[in-house]
Number of protein chains: 2
Amino acid sequence: MTGTTAFLTDRYELTMVDAALRAGTAHRRSVFEVFARSLPNGRRYGVVAGTGRMLDAIRDFRFGDEELGWLERENVVTPATLAWLADYRFTGTVHGYREGEPFFPNSPILVLEGGFAETVLLETVILSILNHDSAVAAAAARMVSVADGRPLSEMGSRRTGEVSAVAASRAAYIAGFSATSNLEAGRAWGVPTMGTAAHAFTLLHDSEEQAFRAQVEALGPGTTLLVDTYDVRQGVETAVRVAGTGLGAVRLDSGDLPALVAEVRAQLDGLGATGTRITVTNDLDEATIGALRAAPVDSYGVGTSLVTGSGAPTAGMVYKLVAHVDDDGAWVPVAKRSASKASVGGRKRAWRQTDARGTAIAEIVRTRGLPPERARELLVPLVVDGAVDERWTGPAGVTAARAHHAYAMGELPREALRIGRSDEAGIPTLID
Amino acid sequence: MTGTTAFLTDRYELTMVDAALRAGTAHRRSVFEVFARSLPNGRRYGVVAGTGRMLDAIRDFRFGDEELGWLERENVVTPATLAWLADYRFTGTVHGYREGEPFFPNSPILVLEGGFAETVLLETVILSILNHDSAVAAAAARMVSVADGRPLSEMGSRRTGEVSAVAASRAAYIAGFSATSNLEAGRAWGVPTMGTAAHAFTLLHDSEEQAFRAQVEALGPGTTLLVDTYDVRQGVETAVRVAGTGLGAVRLDSGDLPALVAEVRAQLDGLGATGTRITVTNDLDEATIGALRAAPVDSYGVGTSLVTGSGAPTAGMVYKLVAHVDDDGAWVPVAKRSASKASVGGRKRAWRQTDARGTAIAEIVRTRGLPPERARELLVPLVVDGAVDERWTGPAGVTAARAHHAYAMGELPREALRIGRSDEAGIPTLID
């Protein structure tokens with residue numbers, strides 16, 4: 001079945017369904033919750049991303065003849081379970097934090113309600129998407145905040161799986177990046193694309209000048225010329241000679257950037273190219289972007305560290321059963337009890353509480369009771385009785401998520417945005 | 001165009017083609033090389049993986065109406081370039097290290113020859129696949145070597161992008177893992193799949209005993225029961241009572257494993273379940289697997305650290321133009337010269353040289369000269385004049401890669417397999 005997501009799944013989801021169907025417990029109404037026990041590496045906040053992709057994956061989670069035939073041949077489940085899977089579509093309801101929303105330890109990022117079997121089946125693919133995309137978005141948000149208004153472009157496709165690369169571009173854009181090198185992210189999600197040439201283009205030609213002329217003829221003088229293939233000083237001079245003082249930008253992809261950027265700026269100004277921008281792209285991360293704050297950089301291109309989550313390549317979210325109905329129709333809150341992975345049972349609601357000036361002061365998570373004062377409810381409906389709310393999907397969903405991220409980041413206290421390690425999240429999570 | 005890989009690409013690959021077509025340099029015969037300047041985190045070897053997927057991606061790299069229409073609307077390239085892309089298929093030749101082969105700094109992992117434009121276009125997608133899959137394979141190989149013959153299963157799908165998860169399962173299997181939780185890796189690549197139940201299954205039922213009975217009825221007493229939802233000691237007792245002493249295995253997913261495993265082994269033996277195996281799955285990596293060497297563990301399930309490359313989520317490979325033909329038809333070796341990213345120009349061959357006992361002693365890389373003595377040639381043809389060698393693709397390619405990996409790891413000196421940090425690779429790379 002082309003395009004199905006049903007096999008992007010762990011085998012045990014199916015064997016649990018199989019056993020529960022046989023035991024008569026498969027359709028017990030259940031609530032699952034997605035949350036992260038902690039934030040990685042002393043960070044102060046995480047960022048929810050992947051929601052729009054997740055909704056597509058839920059909609060496309062269907063078992064076709066190819067999947068059913070394979071499950072039968074491999075003897076994964078019984079014929080009765082195969083019959084149930086053949087008719088599978090998710091009919092439950094999902095509430096979630098909006099895409100782009102910051103989150104904190106134990107924020108109930110997603111709350112899913114449905115029959116046990118239909119809901120447990122979605123565990124693996126939902127976590128794959130949210131854990132990956134949120135890891136990239138968190139790294140991106142930190143880079144955006146340290147870049148202090150200078151634009152950032154995502155250029156990491158070659159440093160991550162070829163399909164994850166598209167998701168990474170999308171997540172970075174939601175978290176405030178301006179553009180991506182990845183064409184599919186442009187086509188599928190409407191992310192602005194950018195990029196001009198690599199060192200190979202210069203090396204192909206008989207001289208740097210010949211290469212620059214070829215590029216300016218094709219792309220115009222507003223293009224970005226990569227000036228560090230041979231000697232940077234010579235490269236800048238040639239670039240301005242070829243393109244004129246209207247040259248769009250020069251790119252530096254190697255060297256000791258803070259010093260080099262200042263030299264190149266002075267050289268460009270001396271040549272009259274005062275409007276030519278400088279973009280840097282050499283293995284940047286939050287720290288190196290921070291170190292360039294005082295340098296006359298105009299924009300950054302970030303690759304490896306962004307798409308690998310800058311030291312935290314997965315967001316650590318888990319998908320846990322927190323409540324189910326028993327045979328008498330009563331809701332039973334449940335939670336693992338042993339050892340280090342205890343969790344809080346019961347269906348939760350969540351609010352971000354602000355002070356009188358609108359600054360966030362706490363994440364309030366409750367299994368009962370009234371909404372707190374001055375608080376924005378965080379869980380919004382994403383799927384209702386199996387119907388996906390299409391507003392959160394496609395390029396429009398990305399645009400909405402990007403706008404919401406900017407709004408919600410502005411709500412956080414300034415100290416929550418610091419990028420240094422901390423023992424405490426940006427705001428406390430209060431669970432009762 | 002369904003299934004094309006042509007947009008899993010950076011925009012600048014297309015703008016370079018556009019400029020080179022206009023300049024008349026697009027079809028200069030060129031050689032590109034894929035290599036890694038260094039190994040991450042003081043490792044002693046890397047492992048090539050992704051080759052079979054890369055060959056699929058090269059074969060499927062075609063521009064359909066949808067791609068061409070988007071490029072036209074977005075004004076990425078000129079109409080002449082669109083016409084050239086419409087007919088695009090790669091017609092060049094690719095030699096590469098066999099999938100599963102260990103590699104070292106500056107090993108010429110892939111050598112591609114073709115026209116500049118047709119070959120530069122493949123850069124992004126080739127690096128995405130090789131960098132991701134090789135990162136996972138390197139982590140997997142290290143875990144396999146520290147597990148000392150005990151089987152390992154890949155269970156990390158939920159901790160990485162949903163499509164990268166399939167590639168990660170495949171790469172881990174090539175590097176010696178025994179099985180995966182991921183169904184698509186089973187269906188598409190023939191990797192054996194495994195898995196039985198999560199904590200949610202136990203929590204769904206009115207008691208642990210009810211859950212275990214349901215599982216044993218569906219999956220038989222040979223199944224693996226997860227015994228740490230409530231109290232491990234009670235869980236083990238219930239498991240053996242329900243399944244009998246023929247219980248296949250118990251799984252521990254939390255707690256202080258070295259101590260806990262010994263207690264559970266003693267308890268199982270005391271209950272007469274001497275053949276019941278113990279599998280552990282709690283955030284394992286090379287270090288924690290090593291720390292369990294003395295414990296009576298029968299198998300490991302590894303998730304996060306495997307699919308994220310255990311601290312090195314990308315392999316750091318680059319794709320560089322190393323030679324091209326000039327207007328006189330002569331080959332010109334080329335290399336970037338400035339700053340920290342210098343490389344060695346010219347088309348290379350590579351051999352793994354062994355001593356008289358068959359142990360590898362050096363990686364020999366030459367741009368000219370005769371083959372060294374007692375040396376296995378490392379570059380094999382993967383694509384010849386545009387035709388993919390199908391032996392390296394599909395499930396059969398995976399089987400071949402897994403066998404070759406085992407052979408080639410056995411060729412390395414024992415000290416090359418140590419997992420501690422080192423300043424030196426497992427064998428030296430000698431370039432001349």
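Every chain is numbered from 1, with letters handed out A, B, ... down the list of sequences. Please read these numbers as outputs of a predicted model, since none were measured by experiment.
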Practice task
Establish, from distance only, whether the side-chain atoms of A/Ser164 and B/Ser164 form a donor-acceptor pair under 3.5 Å.
Solution key: yes
Practice task
Drop me the distance from A/Arg11's CZ to B/Asn182's CG, to the nearest 0.5 angstrom.
Solution key: 12.0 Å
Practice task
Specify which of B/Met317, B/Glu123, B/Gln215 makes the most heavy-atom pairs with chain A at under 4.5 Å.
Solution key: B/Glu123
Handout entry: Exam field: side chain B/His324 to backbone A/Leu203, donor-acceptor pair closer than 3.5 Å
Key = yes
Problem - Side chain to side chain, A/Thr202 and B/Lys336, heavy atoms closer than 4.5 Å - result: no
Completion exercise
When the 4.5 angstrom heavy-atom criterion is applied to A/Tyr319 and chain B, the contacting part is neither
Completion exercise
CZ of A/Arg158 to OG1 of B/Thr9, rounded to nearest 0.5 Å, is 10.0 Å
Exercise for the section: For each of A/Leu204, A/Asp18, A/Leu260, A/Thr308, tally heavy-atom pairs with chain B at distances under 4.5 Å, and name the one with the top tally. Expected result: A/Leu204
Completion exercise
Nearest heavy-atom approach of B/Arg22 to A/Ala218 is NE-CA, 3.6 Å
Handout entry: Atom of A/Phe32, atom of B/Ala200 and distance for their closest heavy-atom approach
Key = CE2-CB, 4.0 Å
Problem - Audit row: A/Thr223, B/Thr15, side-chain contact (heavy atoms from CB on, under 4.5 Å) steps and yes/no - result: CA-CA 11 Å; A/Thr223 192; B/Thr15 52; over 6 Å; no
Practice task
Go through the atoms of A/Phe116 and report whether side chain, backbone, both or neither lie under 4.5 Å from a heavy atom of chain B.
Solution key: side chain
Fill in the blank from the handout: If one checks every heavy atom of A/Ala197 against chain B at 4.5 Å, the contacting part turns out to be both
Handout entry: Residue selection (most heavy-atom pairs with chain B, distance under 4.5 Å) from A/Thr314, A/Asn131, A/Asp10
Key = A/Asp10
Exercise for the section: Select, from B/Pro313, B/Gly24, B/Ala198, B/Ala167, the one with the greatest count of heavy-atom pairs under 4.5 Å involving chain A. Expected result: B/Ala198
Completion exercise
dist A/His132:NE2 -> B/Thr160:OG1 (nearest 0.5 Å) comes out at 6.0 Å
Fill in the blank from the handout: Honestly, the part of A/Arg53 sitting under 4.5 Å from a heavy atom of chain B is side chain
Exercise for the section: Would you sort out whether A/Thr193 and B/Trp70 count as a side-chain contact (heavy atoms from CB on, under 4.5 Å), showing the intermediate values? Expected result: CA-CA 12 Å; A/Thr193 62; B/Trp70 190 87; 4.0 Å; yes
Completion exercise
Looking only at B/Met194, B/Arg28, B/Arg73, B/Gln210, most heavy-atom pairs under 4.5 Å shared with chain A are made by B/Arg28
Exercise for the section: Kindly write out the residues that satisfy side-chain hydrogen bond (donor to acceptor under 3.5 Å, both in side chains) with A/Arg159, not counting sequence neighbours, or none if the list is empty. Expected result: A/Thr304
Fill in the blank from the handout: Greatest number of non-hydrogen atom pairs under 4.5 angstrom with chain A, of B/Ala165, B/Ser30, B/Gly186, falls to B/Gly186
Completion exercise
Ranked by heavy-atom pairs below 4.5 Å to chain B, first place among A/Ala6, A/Ala19, A/Ser181 goes to A/Ser181
Problem - Atom pair CG/CG of A/Leu183 and B/Leu8 - distance to nearest 0.5 Å - result: 9.5 Å
Problem - Option in A/Gly50, A/Gly156, A/Ser157, A/Gly235 with maximal non-hydrogen atom pairs under 4.5 Å from chain B - result: A/Ser157
Handout entry: Evaluation steps, side-chain contact (heavy atoms from CB on, under 4.5 Å), between A/Asp327 and B/Asp206
Key = CA-CA 9 Å; A/Asp327 285 342; B/Asp206 300 329; 4.3 Å; yes
Exercise for the section: Examine whether an atom of A/Asp133 lies under 4.5 Å from a heavy atom of chain B, and if so say whether it belongs to the side chain, the backbone or both; otherwise answer neither. Expected result: neither
Fill in the blank from the handout: Pair count under 4.5 Å, heavy atoms only, with chain A: among B/His205, B/Glu13, B/Glu162, B/Met155, highest is B/Glu162
Exercise for the section: Quick one: pull up CZ in B/Phe201 and CG in A/Leu321 and give me the separation to the nearest 0.5 Å. Expected result: 11.5 Å
Problem - Top contributor to chain A contacts, counting heavy-atom pairs under 4.5 Å, from B/Arg213, B/Glu217, B/Met16, B/Glu184 - result: B/Met16
Practice task
Verify salt bridge (charged side-chain N to carboxylate O under 4.0 Å, His left out) between A/Glu74 and B/Arg187, making sure each step is shown before the conclusion.
Solution key: CA-CA 9 Å; A/Glu74 296 283 321; B/Arg187 197 194 62 77; over 6 Å; no
